[in-house]
Each structure stands twice: as C-alpha cells, then as structure tokens.
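It should be emphasised that the depicted structure is a prediction, and the values quoted were computed from it without experimental measurement. Counting begins at 1 with the first residue of the sequence.
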Amino acid sequence: MQQDSVFTPIRWRDDALELIDQRLLPRRQCWNRYRDIDAVAGAIADLVVRGAPAIGISAAYGAVLGWRQARKDAAFDLQAALQRLADARPTAVNLAWAVDRQRAVLAAGGGEAELLAEAERMHRQDIDDCRAMGDLGAALIDSGSRVLTHCNAGALATGGYGTALGVILSAWRQGRIARVYADETRPWQQGLRLTAWELARDGIDVDVVVEGAACALMRSGLDWVIVGADRVCANGDVVNKIGTAGLAVLARHHGVRMMVVAPTSTLDAQTATGADVPIESRDGQEILGGAYDEMPRVRAWNPVFDVTEAALVDVLVTEKGVIHRPDTAKIAAHLSL
Ligand code: MRU
C-alpha cells in the first residue's frame, strides 16, 4: 500500500509483512520479514513492533498470513492462532480490537483479499486519524510552549505520523513550540532511542531527560505534558507507559497541563475504569540486565504500564475532537459522534 510521504514502521511487500525492528533503533534500520502469524505474535511480544496502534495494525496483517497458513494446512487452527495474536500483549486495547475486526471479516465469509483490504484500511485510517489529531492538538498549544513527552507515541508507534508526537510535529511546524523534552523511558528507552530519533529526523531539536528530572523540569518552566495511550477506559482513565501517572500528578501540582492523544480505536467503552485493565508485567531482566544473576535476592518489579486517573487529564484528543476534563458522560457522547 502507498503511504504517501509518511514514515511507517509497517509495510506489506511481496505478500509478506515487514516490520522495522525497533529494538535496533537508532543505530540500525533493519526490516524483518514475516510470513507466519505466530512469528508476528512473537514480534509483538518481543517489541520488534510496539505502540498501541502499531501492534493492532501489525496483527491485522498477521491475520492475512494466518489465513494463508490455514489454506495450506488443514490442521492449522486459524482461530487459535488469532487468539495467540490477541494475547501477545495484554494492555493495549488496539490489539484485541484489530483481531476482532479480522474475525468479523472471516465471519462474513471473507478470505485473503478481504483480510488484506481490512488491514490496509486500518493502516490508512490510523494515519488519517493521527494527522487529524495533530491539527486538533496543535491548536491547543500557545506559541512559545515547552512540552514534555513520555515513551514513544510517534510514527513508530502508529500506522504513521504519531499521536502525541504527531501533535508535537504539527505544533512545531506551526511555530508554537519553543522546546521539546523527551523522557528517556526506562527500561527500553523508547524516549531516548525512538522519540529523539524521530524528532531529530523531522528537524526538531530535543532535550532527552531522565524520568527523575520531571519535577525539576516542571519547576524550571513547562507548559504541557503530551502523551499517547494504550487504552482509555469508559470513565476516561488513561492506561499508558509506566511513569505517565507520576507525570500527571506532578503536572497538576505544578499547573502544567496534561494532554492525552489517542484515536478512538484506543477508547475502550467496555472497560469501566483503569482498575479493570490487565497491566503487562515483563521480565525483571529488562531492568537488571543480568547484573545480579549470581545474587537471587535481587529481583525487579517491572510493570510496564500505569493508570492515570481521568481527573488528572486536562484534555483528551481523538480524531473526532477534543474532550476537556474527560469523564464517563463525555466519553460516551464522544463515541456516539
Ligand atoms: O511498551 P510500548 O513501547 O508498546 O508502550 C507504548 C506506549 O506506552 C505508548 O505511549 C502508547 O502505546 C501510545 S502509542 C501511540
């Protein structure tokens, strides 16, 4: 599929799915090729591709591969493979949402062509949504603003253009932003390795900060914290990369505004509050890096998402518009637009 000029981390080429290996960035730009649905589930679990919309779109293409495997091998259980894909990561709702959309295509009698068309539709729609959110979010930012973002919510985390980083990109191009700060985001360093790389590639200067600098940064002068989301619950609670909730608390204390940017594919009307969301916990070695293999008393607690209560969110931007101080009624009304 042609993606006009937008950088995308996902492409369908010569009947295979290709994903840029985000674990290797920024040092190496390497595209991995997939022809097997379980290999796509593995790529999602291992963070070759990450970010809520990007894993949903990758899974949608993965369903095409699974359908082909099922045609070749009568013993191949496509529904079970789709479930493994949906279970590859538990927190981002986009993953289950995308697999459900492909299940609906199958239920309607669709085959390879229809599944591929649906995956391409989701991919294109996500880029369009990101561009729309970029404009809507940028309009909220006063000229001369200093903004902080967390993790990576850029082109790499989406079909292309980005959610939070899309807003920053649009606002930068409109001359509204004086300075961008990116949290390094331990332990995978998505801010350092991915966000800073994307910003620099787009010609935007960025200061990378350690998470512990957030309080000092806010005291030195900051206008917005701008983040993406893995899931926005029916009451407006936001589940995003670990550390987001702490930023929101700090931001409210210091009078810094908190903007969450997420397409409606990330809104989960079926889940009442953040307390109901499964929070992914990853291997402690991602933090320890083998340093304590000889000392089993040293372990690590590694939840990779947290819940920001809706009351701490100043604005939620979706492709449909802007919700100020989101709550249950406003989210429900927004979803029915
Ligand atoms: O663990 P990751 O890198 O998949 O976490 C990603 C995030 O938390 C992003 O902020 C979120 O998915 C929004 S992406 C547009």
Side-chain angles (χ1 to χ4, degrees), residues 4-7 51-53 124-183 195 198-199 201-207 217-218 221-230 232 236 238 240 244 247-248 251-252 254-267 308 310-327 329-337:
D4 61 41
S5 59
V6 168
F7 173 83
R124 235 182 342 255
Q125 183 67 52
D126 191 61
I127 295 170
D128 291 348
D129 289 351
C130 285
R131 286 189 186 284
M133 292 186 289
D135 289 340
L136 289 164
L140 301 169
I141 296 174
D142 294 331
S143 135
S145 289
R146 308 209 306 171
V147 305
L148 169 67
T149 190
H150 188 61
C151 193
N152 172 266
L156 286 165
T158 61
Y161 201 75
T163 57
L165 224 50
V167 167
I168 291 172
L169 185 56
S170 297
W172 176 273
R173 288 176 175 163
Q174 294 169 17
R176 296 172 185 266
I177 291 190
R179 199 74 211 148
V180 183
Y181 298 91
D183 265 342
T195 297
E198 286 201 46
L199 286 166
R201 193 200 49 202
D202 287 327
I204 302 174
D205 293 339
V206 53
D207 283 313
L217 178 62
M218 290 186 195
L222 188 76
D223 300 287
W224 285 98
V225 174
I226 307 178
V227 296
D230 283 78
V232 179
V238 171
N240 193 50
T244 304
L247 290 176
R252 182 58 56 86
H254 290 99
V256 173
R257 279 165 295 170
M258 182 85 188
M259 184 191 301
V260 176
V261 189
T264 48
S265 55
T266 302
L267 269 52
T308 299
L312 294 175
V313 176
D314 291 291
V315 283
L316 171 63
V317 178
T318 82
E319 77 280 7
K320 291 184 174 189
V322 175
I323 309 175
H324 294 270
R325 297 287 174 112
D327 61 21
K330 290 178 192 171
I331 299 260
H334 192 78
L335 284 173
S336 66
L337 286 176

Query raised in the report: Are any of the side-chain heavy atoms of Arg124 and Ile127 separated by less than 4.5 Å?
Result: no

**Report entry** Gap between atom CD of Glu319 and atom CZ of Arg131 - 0.5 Å precision
**Finding:** 15.0 Å

**Report entry** Shortest non-hydrogen separation from Ala262 to Val232 and the atoms involved
**Finding:** CB-CG2, 4.4 Å

Report task. Find out whether Met258 and Thr244 are in side-chain contact, i.e. whether some heavy atom of one side chain is under 4.5 Å from a heavy atom of the other. Result -> yes

Query raised in the report: So Val206 and Tyr181, side chain to side chain contact (heavy atoms under 4.5 Å, CB included) or not? Walk me through it.
Result: CA-CA 6 Å; Val206 53; Tyr181 298 91; over 6 Å; no

Requested in this report: Can you see which heavy atom on Pro53 is nearest to which on Ala157, and at what distance?
Outcome: CD-O, 3.3 Å

Query raised in the report: Looking at Val322, Val313, Ile141, Ile168, which hits side-chain contact (heavy atoms from CB on, under 4.5 Å) with Met259?
Result: Ile141

Query - Over all atoms of both residues, closest heavy-atom pair of Cys130 and Tyr161 - result: O-CD2, 3.7 Å

Report task. Kindly indicate whether the side chain of Asn240, heavy atoms from C-beta on, has any atom under 4.5 Å from the side chain of Thr308. Result -> no

Requested in this report: Using a strict 4.0 Å threshold on nitrogen-to-oxygen distance, state whether Arg257 and Asp223 make a salt bridge.
Outcome: no

**Report entry** Option from Asp205, Ile204, Val147 for which side-chain contact (heavy atoms from CB on, under 4.5 Å) with Arg179 holds
**Finding:** Asp205

Query raised in the report: Passes salt bridge (charged side-chain N to carboxylate O under 4.0 Å, His left out), Arg176 versus Asp142? Steps please.
Result: CA-CA 6 Å; Arg176 296 172 185 266; Asp142 294 331; 5.7 Å; no

Query - Straight-line distance of Thr318 OG1 to Ile323 CD1, nearest 0.5 Å - result: 6.0 Å

Report task. Would you mind reporting whether Val225 and His150 have side-chain heavy atoms less than 4.5 Å apart? Result -> no

Report summary line: Nearest heavy-atom contact between Gly144 and Ala178 is O-CB, 3.5 Å

Query raised in the report: About how many Å separate CG of Leu140 and CH2 of Trp224, when rounded to the nearest 0.5 Å?
Result: 5.5 Å

Requested in this report: Please determine which of Thr158, Asp129, Val317, Thr266 meets the side-chain contact (heavy atoms from CB on, under 4.5 Å) test together with Thr163.
Outcome: Thr158

Query raised in the report: Looking at side-chain heavy atoms only, is the closest gap between Arg201 and Phe7 below 4.5 Å?
Result: yes

Report task. Might you point out which heavy atoms bring Gly228 and Ala164 nearest each other, and give the distance in Å? Result -> N-CB, 3.7 Å

Requested in this report: Answer whether the closest heavy-atom distance between the side chains of Val227 and Cys151 falls below 4.5 Å.
Outcome: no

Query raised in the report: Under a 4.0 Å N-O cut-off, is there an ion pair linking Arg252 with Asp314?
Result: yes

Query raised in the report: Looking at NE2 of His334 and CG of Leu316, how far apart are the two atoms once the value is rounded to the nearest 0.5 Å?
Result: 6.5 Å

Query - Euclidean distance, Leu165 CG relative to Asp202 CG, rounded to 0.5 Å - result: 7.5 Å

Report summary line: CG (Asp183) and CG (Leu148) are apart, to the nearest 0.5 Å, by 5.0 Å

Query - Over all atoms of both residues, closest heavy-atom pair of Pro326 and Ala310 - result: O-CB, 3.7 Å

**Report entry** Any donor-acceptor N/O pair, Lys320 side chain to Thr264 backbone, under 3.5 Å
**Finding:** no

